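Order of the sequence lines sets the chain letters (A, B, ...), proteins ahead of strands, with each chain counted from 1. From a predicted model like this one, the values you see are computed outputs, not experimental measurements.
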Amino acid sequence: MRVATWNVNSIRARSGRVVDWLVREDVDVLAMQEIKCKPEQFPLEAFEDAGYEVVAHGLNQWNGVAFASRLPMTDVDLSFPAQPGFLKGAEGPDLPLEARAIGVTIDGIRLWSLYVPNGRALDDPHYAYKLDWLARLNEETSSWLARHPDAPLALMGDWNVAPTDADMGDPSFVPGLSTHISPPERAAFAAFLDTGLTDVVRPIVPEGYTFWDYKQLRFPRNEGMRIDFILGSGAFADLVTDARIHRDERKGDAPSDHVPVSVDLELEGGDDLDRPMIF
DNA sequence: ATGGCGAGCGAAGCTCGA
């Protein structure tokens, strides 16, 4: 089974490219971020004509997450427990949740498509929101894994954190002044590793960015950032046989500023749509 | 000094992203 994550930067502006890529790369499951639309605005037909079911969570033109899958999806969640909300100018609990998380179960594997808040600036309320969001997500993940210690689980998406210096190639991000590289953000990301998740792509693809800003020739100069990750539980990591960062998807007409990241899973027993029977 | 790009909304110029 091939599973991928992609911040598509508006699915309505990108449905052709995304579906073409799914078919061409024989992807079974795609976690999307920044669909930038409500479910009723999602270009369903293009996906269904290609053989994919879609579940989408979007409230307005901002954020929005979704899954497209060739396999049945169950247990759809549109937020994680204790997910923080945000409202401009407001503080405290019970703020409205943004459309930044969707969870599904596919073939016994628990998958999340996550769009971590950007943070904007170190002194912006969005920065505290980002750190809180990551801390709450990690608490929930830890709790879930305690209840399901042997379950395959993956947190996939746009984390808006460059965990190491090698993941930051954009010279406009300055240590001490910029988000994505601040010690608290990196600590919040590293905490997921302490919880028992691992970056299942990095061992297979040790180098490469997943995002390049549209501005200032960032892609031709390869001044990008690695901020899109697939973090898997032990049981998930054991299934991974390959991984890729699809850098070419930043090329050509009307690309997203992010590229897809995919992993291949070897499932026990009943896989597989595409593996030849060998006797 | 400072934007460049691209999207949504809505019909100009904001807001947002990273």
Side-chain angles (χ1 to χ4, degrees), chain A residues 5-18 32-43 56-66 85-90 95-101 113-131 133-134 157-186 188-189 208-229 245 247 249-261:
Chain A
T5 181
W6 196 355
N7 179 323
V8 296
N9 185 19
S10 171
I11 193 57
R12 288 181 289 175
R14 215 83 59 209
S15 61
R17 264 197 91 128
V18 171
M32 287 168 270
Q33 302 86 39
E34 283 210 87
I35 63 170
K36 291 188 171 181
C37 68
K38 301 174 187 180
E40 60 266 31
Q41 298 172 308
F42 195 101
H57 178 36
L59 300 170
N60 48 44
Q61 69 269 44
W62 309 121
N63 316 309
V65 285
F86 189 86
L87 187 63
K88 192 175 181 179
L95 300 177
L97 300 191
E98 297 183 310
R100 295 181 175 276
S113 178
L114 303 169
Y115 180 41
V116 176
N118 172 290
R120 297 192 185 183
L122 299 183
D123 60 353
D124 192 291
H126 283 89
Y127 180 75
Y129 172 46
K130 177 182 194 174
L131 293 179
W133 205 93
L134 285 166
D158 176 358
W159 293 74
N160 272 319
V161 177
T164 75
D165 290 346
D167 303 319
M168 174 52 76
D170 185 326
S172 64
F173 284 71
V174 181
L177 296 177
S178 303
T179 62
H180 294 64
I181 54 175
S182 73
E185 289 167 277
R186 285 179 166 174
F189 184 88
Y209 304 129
T210 63
F211 165 90
W212 298 261
D213 200 303
Y214 289 121
K215 295 179 287 191
Q216 297 179 274
L217 299 173
R218 290 292 186 231
F219 184 63
R221 294 176 175 171
N222 196 30
E223 295 173 337
M225 302 159 58
R226 181 160 171 154
I227 54 176
D228 299 270
F229 297 99
I245 296 174
R247 189 179 190 281
E249 284 307 303
R250 187 62 177 77
K251 303 176 181 175
D253 290 336
S256 171
D257 41 5
H258 296 250
V259 295
V261 178

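Remark: the separation of the P atoms in B/dG6 and B/dT2 is 23 Å, to the nearest Å. Comparing B/dG17 with B/dG3, their C1' atoms sit 15 Å apart, to the nearest whole Å. Taking atom P in both B/dT15 and B/dA1, the straight-line distance is 23 Å, to the nearest Å. Rounded to the nearest Å, the gap between the P atom of B/dC16 and that of B/dG10 is 15 Å. Taking atom C1' in both B/dA7 and B/dA12, the straight-line distance is 16 Å, to the nearest Å.
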| task | Using a 4.0 Å cut-off on protein heavy atoms (strictly under), produce a 5'-to-3' string for nucleotides 8-18 of chain B with B for base contact, S for backbone-only sugar-phosphate contact, and - for none. | result | SS-----BSBB
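Residue A/Arg14 places at least one side-chain N or O under 4.0 Å from the OP1 or OP2 atom of B/dA7.
Judged by distance alone, with hydrogens and angles left aside, the side-chain atoms of A/Thr210 form a donor-acceptor pair with the main-chain N or O of A/Ile227 at under 3.5 Å. A donor-acceptor pair is defined here as one N or O able to donate and one able to accept, closer than 3.5 Å; such a pair exists between the side chain of A/Trp6 and the backbone of A/His258.
Residues satisfying the side chain to side chain contact (heavy atoms under 4.5 Å, CB included) criterion with A/Glu34, sequence neighbours excluded, are A/Asn7, A/Lys36, A/Tyr115. Not a single ring pair (Phe, Tyr, Trp, His ring centres under 6.0 Å) links A/His57 to another residue, sequence neighbours left out.
Taking 4.0 Å as the cut-off between side-chain N and carboxylate O, A/Arg186 and A/Asp165 count as a salt-bridged pair.
Judged by distance alone, the side chains of A/Glu249 and A/Ser256 never bring a donor and an acceptor atom under 3.5 Å apart.
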